[in-house]
Amino acid sequence: MLLGHRFGNYPAGFSFGKLGLDLVEQRGLRQFEGRVGLIFGGCLLPWTQPIRTGRSLVRRAFERPPDTATRLRGLQP
């Protein structure tokens, strides 16, 4: 978001966010899966892609096990 908003370089912001998403998926960093999916799908993707493109990522972020998704929703301390 910062690269796009501050510097007007939305493609670079998308690429950097996609790198984070790919790292989480390829390296099996499940503890970050919900947060990265929510930020990439809900905040970064709509600036460069149709908004429906990120819907599945956001949905998966909230379907993650309680250790990630529940904290994102603020339901657990």
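Sequential numbering from 1 along the given sequence is applied to the chain's residues. Not measured: the values here are computed from a predicted model.
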Co-membership, hydrophobic cluster, residues Leu38 and Ile51, 4.5 Å side-chain: no

Pair Leu21-Leu57, side-chain contact (heavy atoms from CB on, under 4.5 Å): steps then yes or no: CA-CA 10 Å; Leu21 186 67; Leu57 289 171; 4.1 Å; yes

Non-neighbouring partners of Ser56 that pass side chain to side chain contact (heavy atoms under 4.5 Å, CB included), sequence neighbours left out: none

Check ion pair Arg27-Glu33 (N to O, under 4.0 angstrom): no

Leu29 side, atom CG; Gln31 side, atom CD - distance, nearest 0.5 Å: 5.5 Å

Distance-minimising heavy-atom pair for Val24 and Val36: CG2-CG2, 3.8 Å

Those residues that, when tested against Arg52, pass side chain to side chain contact (heavy atoms under 4.5 Å, CB included) (two or more places apart): Arg55

Minimal non-hydrogen separation, Pro46 against Gly41, with atom names: CD-O, 3.6 Å

Distance-only donor-acceptor pairs under 3.5 Å for side chains of residues 11-20, two or more places apart:
unit_1, atom_1, unit_2, atom_2, d
Ser15, OG, Pro11, O, 3.0
Lys18, NZ, Asp22, OD1, 3.0

